[in-house]
Asks: 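Mind looking over this structure? Questions follow.
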Amino acid sequence: MQLGLVGLGKMGFNMRERVRRAGHEVIGYDRNPEVSDSESLADMVSKLEAPRVVWVMVPAGEITRNTVKELSELLAPGDLVVDGGNSKFTDDRIHADLLAEKEIGYLDCGVSGGVWGLDNGYALMVGGDAKHVEQAQPIFDALRPEGPREEGFAHAGKVGAGHYSKMVHNGIEYGLMQAYAEGFELLDKTDVVDNVGAVITAWQRGTVVRSWLLDLLVRALESDPELDDLRGYVEDSGEGRWTVEEGINNAVPLPVISAALFARFQSRQEDSPAMRAVAALRNQFGGHSVQKA
């Protein structure tokens with residue numbers, strides 16, 4: 001089948017190649033003419049045969065909203081839009097309703113796989129009507145990992161369910177990464193362990209903490225054993241925040257994910273005002289020593 005793919009960045013570029021390898025035709029559009037197959041969104045749509053399926057893979061927020069709005073004016077009844085970016089799940093109902101006015105279908109799809117997805121495949125979590133999922137299923141099958149469909153693809157539920165699932169997935173990811181990172185720091189700090197890299201590498205087989213994330217940490221340590229080439233500054237894409245918000249909204253305790261998110265905030269402070277206040281208080285009530293700036 002044909003697919004229109006909007007956004008050919010780190011993820012979209014490799015997704016286009018993987019779908020093509022599966023034998024489908026992909027016509028992509030990107031603002032960068034060096035990677036784009038089309039001159040504009042309108043040009044891309046004109047090259048697709050009805051009923052069209054257009055996958056949006058651009059940054060979440062205003063850029064996605066504008067892209068969906070423009071597509072609503074270019075596509076026709078029976079066509080389908082899939083938002084595969086990291087949009088907040090609350091945006092999905094807005095997009096679906098906008099497109100429904102023109103009898104255009106909508107699916108939200110959480111995509112996990114990063115820059116490794118081209119060869120390994122992408123885990124897909126989809127929200128929307130079953131008839132729309134069926135319409136795009138050949139593309140989902142091309143993108144997902146090899147093996148049983150249910151081990152790399154899920155129709156998670158109604159509109160919004162795909163992005164909600166990906167949000168929770170990324171919240172868990174925050175916690176896992178933070179646990180590995182804290183373990184690395186403790187091993188590196190002590191004078192008991194001499195070969196930190198060897199220890200973490202040994203965890204890759206036979207242990208309950210083995211995972212792909214651990215494999216990636218080993219890979220990073222192979223090129224930079226002390227991780228000295230990096231600054232300990234970590235951004236958050238927004239999904240960790242949204243996960244914590246949903247924990248609050250649903251009265252679900254998320255202590256690990258919350259702590260991992262706050263640790264990222266702490267990484268951006270060279271000198272924490274809060275910790276200066278703690279130091280001052282300890283000095284005031286107990287005469288504990290402080291370090292002058």
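Keep in mind that what you see is a predicted model, and the values were worked out from it rather than measured.
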Asks: How about Leu213 and Leu217: do any of their side-chain heavy atoms sit closer than 4.5 Å?
Replies: no
Asks: Mark yes or no for whether Ser72, through its side chain, and Leu98, through its backbone, hold a donor-acceptor pair below 3.5 Å.
Replies: no
Asks: For residues Ala22 and Ala142, report the shortest heavy-atom separation together with the two atoms involved.
Replies: CB-CB, 3.6 Å
Asks: Is there a side-chain contact between Arg241 and Leu261 in this structure, where contact means two heavy atoms from C-beta onward sitting under 4.5 Å apart?
Replies: yes
Asks: Indicate the atoms forming the closest heavy-atom contact of Arg21 with Asp119, along with that distance.
Replies: NH1-OD1, 3.4 Å
Asks: Is the shortest heavy-atom distance from the side chain of Val196 to the side chain of Glu226 under 4.5 Å?
Replies: no
Asks: Would you confirm whether Ser258, through its side chain, and Pro255, through its main-chain N or O, come within 3.5 Å as a donor-acceptor pair?
Replies: no
Asks: With side chains defined as the heavy atoms from C-beta onward, is the minimum distance between Met177 and Tyr180 less than 4.5 Å?
Replies: no
Asks: Take atom CZ of Arg31 as the centre, draw a 6.0 Å sphere, and report whether it contains more than 12 heavy atoms from other residues, nucleotides or ligands.
Replies: no
Asks: Does any N or O in the side chain of Arg264 come within less than 3.5 Å of the main-chain N or O of Glu235, such that one atom is a donor and the other an acceptor?
Replies: yes
Asks: When rounded to the nearest 0.5 angstrom, what is the spacing between CE in Met44 and CZ in Arg52?
Replies: 9.5 Å
Asks: Would a single hydrophobic cluster contain both Leu227 and Val199, if residues Ile, Leu, Val, Met, Phe, Trp and Tyr are joined by side-chain heavy-atom contacts under 4.5 Å?
Replies: yes
Asks: Could I get the full list of side chain to side chain donor-acceptor pair (under 3.5 Å) partners for Asp37, not counting sequence neighbours?
Replies: Arg16, Arg20
Asks: Quick one: pull up NE2 in His169 and OG in Ser112 and give me the separation to the nearest 0.5 Å.
Replies: 3.5 Å
Asks: Testing Asp141, Ile139, Leu143 one by one against Leu124 for a side-chain contact (heavy atoms from CB on, under 4.5 Å), which residue passes?
Replies: Leu143
Asks: I would like to know whether Arg65 and Asp91 meet side chain to side chain contact (heavy atoms under 4.5 Å, CB included); could you show each step before the answer?
Replies: CA-CA 8 Å; Arg65 288 190 284 270; Asp91 286 347; 3.1 Å; yes
Asks: What do the steps show when you test Arg149 against Gln137 for side chain to side chain contact (heavy atoms under 4.5 Å, CB included), and what is the final call?
Replies: CA-CA 11 Å; Arg149 180 184 287 172; Gln137 193 65 61; 3.6 Å; yes
Asks: Identify whether Trp55 and Val53 are in the same connected component of the hydrophobic contact network (ILVMFWY, side-chain heavy atoms under 4.5 Å).
Replies: yes
Asks: Looking at Asp108 and Lys88, is there a salt bridge between them, counting it only when a charged N and a carboxylate O are closer than 4.0 Å?
Replies: no
Asks: Hey, is the main chain of Val234 close enough, under 3.5 Å, to the side chain of Arg268 for a donor-acceptor pair?
Replies: yes
Asks: Quick one: does Val133's side chain get under 4.5 Å of Phe140's, heavy atoms only?
Replies: yes
Asks: Quick test of your reading of the model: are Arg231 and Glu270 salt-bridged, counting only N-O distances below 4.0 Å?
Replies: yes
Asks: Taking atom types as modelled and ignoring hydrogens, do the side chains of Glu17 and Asn14 form a donor-acceptor contact shorter than 3.5 angstrom?
Replies: no
Asks: Are any of the side-chain nitrogens in Lys69 or Glu73 under 4.0 Å away from the carboxylate oxygens of its partner?
Replies: yes
Asks: Using the rule that two of Ile, Leu, Val, Met, Phe, Trp, Tyr join whenever any of their side-chain heavy atoms come within less than 4.5 Å, decide whether Ile63 and Val45 are in one cluster.
Replies: yes
Asks: Taking side chain as C-beta onward, heavy atoms only, is Asp83 less than 4.5 Å from His163?
Replies: yes
Asks: Using the side chain to side chain contact (heavy atoms under 4.5 Å, CB included) rule, take Phe13 and Asp30 through it: C-alpha gap first, then chi angles, then the decisive distance, then the call.
Replies: CA-CA 10 Å; Phe13 187 90; Asp30 193 273; over 6 Å; no
Asks: Using side-chain heavy atoms (C-beta onward) and a distance below 4.5 Å, is Tyr122 in contact with Met15?
Replies: yes
Asks: When you compare the side chains of Asp43 and Tyr29, does any donor N or O come within less than 3.5 Å of an acceptor on the partner?
Replies: no
Asks: According to a 4.5 Å side-chain heavy-atom criterion applied to Ile, Leu, Val, Met, Phe, Trp and Tyr, with indirect links allowed, do Val82 and Leu41 form part of one hydrophobic cluster?
Replies: no
Asks: Does any non-hydrogen side-chain atom of Lys47 lie less than 4.5 Å from one of Ser38?
Replies: yes
Asks: Could you work out, with side-chain contact (heavy atoms from CB on, under 4.5 Å) as the rule, every residue matching Thr190, not counting sequence neighbours?
Replies: Val192, Val193
Asks: So, does Gln178 use its side chain to make a donor-acceptor pair with the main chain of Ile257 at under 3.5 Å?
Replies: no
Asks: Please test Tyr174 against Ser237 for side chain to side chain contact (heavy atoms under 4.5 Å, CB included), starting from the C-alpha separation and ending with a verdict.
Replies: CA-CA 11 Å; Tyr174 275 46; Ser237 61; 4.1 Å; yes
Asks: Answer yes if Leu118 and Val35 sit in the same cluster of Ile, Leu, Val, Met, Phe, Trp and Tyr residues linked by side chain heavy atoms under 4.5 Å apart, and no otherwise.
Replies: no
Asks: Strictly below 4.0 Å, N to O, side chains only: are Arg219 and Asp224 in salt-bridge contact?
Replies: no
Asks: Counting only heavy atoms not in Glu49, do more than 12 fall under 6.0 Å of its CD?
Replies: no
Asks: So, are Glu185 and Lys189 salt-bridged, with charged N and O less than 4.0 Å apart?
Replies: no
Asks: Might you point out which heavy atoms bring Pro51 and Gln135 nearest each other, and give the distance in Å?
Replies: CB-NE2, 4.0 Å
